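Only one structure is covered here, and it is reproduced in the block below.
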Amino acid sequence: QVQLVESGGGLVQAGGSLRLSCAASGRPFSSLAMGWFRQAPGKEREFVAAISRIGGSTGYADSVKGRFTISRANAKNTVYLQMNSLKSEDTAVYYCAGTGRYYGGGRSTEYDYWGQGTQVTVSS
């Protein structure tokens, strides 16, 4: 049973930074491609970023390109999302997701495992 636990959310002013972490257990981490999604109040869950099993491939939503960076530390069973230049529209619950595929991409249906989410609130 794969478990994903996010941390690092919080309240930050517009223009600030946060780093989210997602710790995985229950399966060799290098066998999982990972992704980050987010869901704002009243909106559907949307793709943020994805990374392949060993980090050689990454992808981003257009809305976060150049501001967010996804990375992973397989020795620590952890995937990160560094968020810079935060905007009020980045306010959402952020979810970590995992899949046994080499690379999950931007579709939530490609992911088998989900964390509980961590709240990010950006004040303007």
Side-chain angles (χ1 to χ4, degrees):
Q1 183 76 6
V2 174
Q3 290 190 323
L4 303 176
V5 180
E6 303 96 336
S7 60
L11 174 65
V12 63
Q13 288 189 332
S17 298
L18 279 176
R19 188 175 82 156
L20 305 183
S21 299
C22 172
S25 61
R27 175 169 171 166
F29 189 58
S30 59
S31 72
L32 292 171
M34 303 298 294
W36 287 97
F37 290 75
R38 67 186 182 186
Q39 187 167 17
K43 295 187 177 181
E44 293 187 354
R45 190 171 298 188
E46 66 174 2
F47 169 69
V48 176
I51 190 166
S52 59
R53 287 180 182 174
I54 57 172
S57 298
T58 58
Y60 298 90
D62 287 343
S63 59
V64 307
K65 276 181 185 175
R67 299 188 300 121
F68 291 10
T69 302
I70 189 171
S71 62
R72 63 189 296 158
N74 284 359
K76 296 183 178 181
N77 298 335
T78 302
V79 63
Y80 304 99
L81 185 68
Q82 177 66 44
M83 306 186 294
N84 299 329
S85 302
L86 282 161
K87 306 175 181 180
S88 58
E89 51 262 46
D90 295 318
T91 294
V93 177
Y94 283 71
Y95 297 91
C96 171
T99 175
R101 297 174 181 269
Y102 175 77
Y103 180 69
R107 291 195 296 182
S108 61
T109 53
E110 299 294 330
Y111 294 84
D112 304 303
Y113 313 108
W114 292 85
Q116 293 299 307
T118 185
Q119 176 70 47
V120 171
T121 303
V122 184
S123 63
S124 56

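Just so it is clear, the structure is predicted and the values come from calculations on it, not from any experiment.
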Check side-chain hydrogen bond (donor to acceptor under 3.5 Å, both in side chains) between Lys65 and all other residues, then give those that pass, not counting sequence neighbours. Asp62

In chain order, what residues pass the side-chain hydrogen bond (donor to acceptor under 3.5 Å, both in side chains) check against Thr121, with sequence neighbours excluded?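 By the side-chain hydrogen bond (donor to acceptor under 3.5 Å, both in side chains) rule, Thr121 matches Gln119.
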
With a cut-off of 6.0 Å (strictly less than), are more than 12 heavy atoms of other residues, nucleotides or ligands near CD of Glu89?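 Yes.
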
Within a reach of under 6.0 Å around CD1 of Ile54, are more than 12 heavy atoms found that belong to other residues, nucleotides or ligands?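 Incorrect, the count does not exceed 12.
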
Listing, residues 99-107 side-chain donor-acceptor contacts under 3.5 Å, not counting sequence neighbours, or none:
| unit_1 | atom_1 | unit_2 | atom_2 | d |
| --- | --- | --- | --- | --- |
| Thr99 | OG1 | Arg101 | N | 3.2 |
| Thr99 | OG1 | Glu110 | O | 2.9 |
| Arg101 | NE | Glu110 | OE1 | 2.6 |
| Arg101 | NH1 | Glu110 | OE1 | 3.4 |
| Arg101 | NH2 | Glu110 | OE1 | 3.1 |
| Tyr103 | OH | Gly59 | N | 3.2 |
| Arg107 | NH2 | Glu110 | OE2 | 3.0 |

Which residues share a side chain to side chain contact (heavy atoms under 4.5 Å, CB included) with Ala14, sequence neighbours left out: Val122

Could you list the residues that satisfy side chain to side chain contact (heavy atoms under 4.5 Å, CB included) with Gln3, not counting sequence neighbours?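 Only Ser25 meet the side chain to side chain contact (heavy atoms under 4.5 Å, CB included) criterion with Gln3.
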
Donor-acceptor pair, distance only, cut-off 3.5 Å: does the side chain of Asn77 make one with the backbone of Ser30?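 Between the backbone of Ser30 and the side chain of Asn77 there is no qualifying donor-acceptor contact (under 3.5 Å).
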
Is there a donor-acceptor contact under 3.5 Å from the side chain of Thr78 to the main chain of Lys76? yes

What pairs of residues pass the salt bridge (charged side-chain N to carboxylate O under 4.0 Å, His left out) test when at least one of them lies in residues 22-41, not counting sequence neighbours? Arg38-Glu46, Arg38-Asp90

Hey, what do you get for [atom1] ([X]) to [atom2] ([Y]), rounding to the nearest 0.5 Å?
| X | Y | atom1 | atom2 | result |
| --- | --- | --- | --- | --- |
| Met83 | Leu18 | CE | CG | 4.5 Å |
| Met34 | Ser71 | CE | OG | 11.5 Å |
| Ser57 | Ile51 | OG | CD1 | 9.0 Å |

Going only through I, L, V, M, F, W and Y residues with side-chain contacts under 4.5 Å, is there a path from Val48 to Val93?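 No, Val48 does not connect to Val93 through the hydrophobic network.
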
Begin with the C-alpha distance, continue with both residues' side-chain angles, and end with the deciding distance and a verdict on side chain to side chain contact (heavy atoms under 4.5 Å, CB included) for Thr69 and Leu81. CA-CA 6 Å; Thr69 302; Leu81 185 68; over 6 Å; no

Pairs where residues 11-119 contributes a residue and the test disulfide (SG to SG under 2.5 Å) is met, not counting sequence neighbours: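 Qualifying pairs, neighbours excluded: Cys22-Cys96.
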
Hey, could you give me each pair passing disulfide (SG to SG under 2.5 Å) that has a residue in residues 45-88? Not counting sequence neighbours. none

Would you mind listing every side chain to side chain donor-acceptor pair (under 3.5 Å) that reaches into residues 6-24, with sequence neighbours excluded?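 As it turns out, the side chain to side chain donor-acceptor pair (under 3.5 Å) pairs with a partner in residues 6-24, which skip direct neighbours, are Ser17-Asn84.
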
Give me the other members of the hydrophobic cluster that Val5 sits in, counting Ile, Leu, Val, Met, Phe, Trp and Tyr linked by side-chain heavy atoms under 4.5 Å, directly or via other members.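 Besides Val5, the hydrophobic cluster comprises nothing; the residue is isolated.
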
Is there a side-chain contact between Val120 and Leu20 in this structure, where contact means two heavy atoms from C-beta onward sitting under 4.5 Å apart? yes

What pairs of residues pass the ring-ring contact (aromatic ring centres under 6.0 Å, His included) test when at least one of them lies in residues 25-58, not counting sequence neighbours? Phe37-Phe47, Phe37-Tyr111, Phe37-Trp114

Pairs touching residues 71-95 that satisfy ring-ring contact (aromatic ring centres under 6.0 Å, His included), sequence neighbours left out: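 Checked against ring-ring contact (aromatic ring centres under 6.0 Å, His included) - neighbours excluded - no pair reaches residues 71-95.
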
Which heavy-atom pair separates Leu4 from Ala24 by the least distance, and what is that distance? CD2-CB, 3.5 Å

